[in-house]
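Residue numbers count from 1 along this sequence. Nothing here was measured: the structure is a model prediction, and the numbers come from that model.
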Amino acid sequence: MLNPFPELLTFGLLSPFIIRICLGAVFVRHGYFKLFKNRDEAVKNFGIAGEWTKILVIAIGSIELIGGIMLLAGFLTQVAAFSLAALVLAIAIFKKVAGISGRNLGFMAFLFLTLVSLLFSGAGFFAFDVPL
């Protein structure tokens, strides 16, 4: 099949850049709100975890915030994408097993699949990552 716009293929590294920036913004926002703005609501959402709930929320928020910053900067992008994909998958499984409302499972599946895409494609333009 012929590509209708072959001249756009020269900008192939722009796709991972756009995905990386969008995902980074989403995870920075979620981590920031878990750590600084809505910690009580996040603790309530993970309330089934028992006495470790506050520590769990701080750990998840920290991973999301640091991973999001790494994605925005393009620093160790594949490591950040793998870590965040594992985190999203673990949260989705936890929510499914715990019987917590599944209204966000579609969004979590979208996040997981775009993180996996970024894991395979790399950082794209404007990143500190250098392919070895």
Side-chain (Arg20) to main-chain (Phe125) donor-acceptor, under 3.5 angstrom: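 Such a contact is found between Arg20 side chain and Phe125 backbone.
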Could you tell me whether the side chain of Ser62 and the main chain of Ile58 form a donor-acceptor pair under 3.5 Å?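 Indeed, once roles are kept as given, a pair shorter than 3.5 Å links the two residues.
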[atom2] on [Y] to [atom1] on [X], rounded to 0.5 Å:
X	Y	atom1	atom2	value
Ser83	Gln78	OG	CD	11.5 Å
Glu64	Leu71	CD	CG	11.5 Å
Leu56	Lys34	CG	NZ	10.0 Å
Thr77	Leu23	OG1	CG	11.0 Å
Ile60	Leu65	CD1	CG	13.5 Å
Ser117	Phe112	OG	CZ	11.5 Å

Report yes if some heavy atom in the side chain of Phe27 is under 4.5 Å from a heavy atom in the side chain of Leu115; otherwise report no. yes
Phe5 side chain near Glu7 side chain, heavy-atom distance below 4.5 Å: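 A side-chain contact under 4.5 Å exists here.
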Check which hydrophobic residues are tied to Leu9 through side-chain heavy-atom contacts below 4.5 Å, counting indirect links as well, and list them. none
Do [X] and [Y] belong to the same hydrophobic cluster, where Ile, Leu, Val, Met, Phe, Trp and Tyr are linked whenever their side-chain heavy atoms lie under 4.5 Å apart, directly or via other members?
X	Y	value
Val26	Leu84	yes
Leu119	Leu14	no
Val28	Phe126	yes
Phe82	Leu113	no

Can you give me the closest heavy-atom contact between [X] and [Y], atom names plus distance?
X	Y	result
Ala80	Gly67	CB-O, 4.0 Å
Pro16	Gly122	CB-O, 3.4 Å
Leu118	Ala81	CB-CB, 4.4 Å

What is the ring orientation for Phe107 with His30, classed by angle as parallel under 30°, tilted 30 to 60°, or perpendicular over 60°?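 Because their plane-to-plane angle lies in the 30° to 60° range, the rings of Phe107 and His30 count as tilted.
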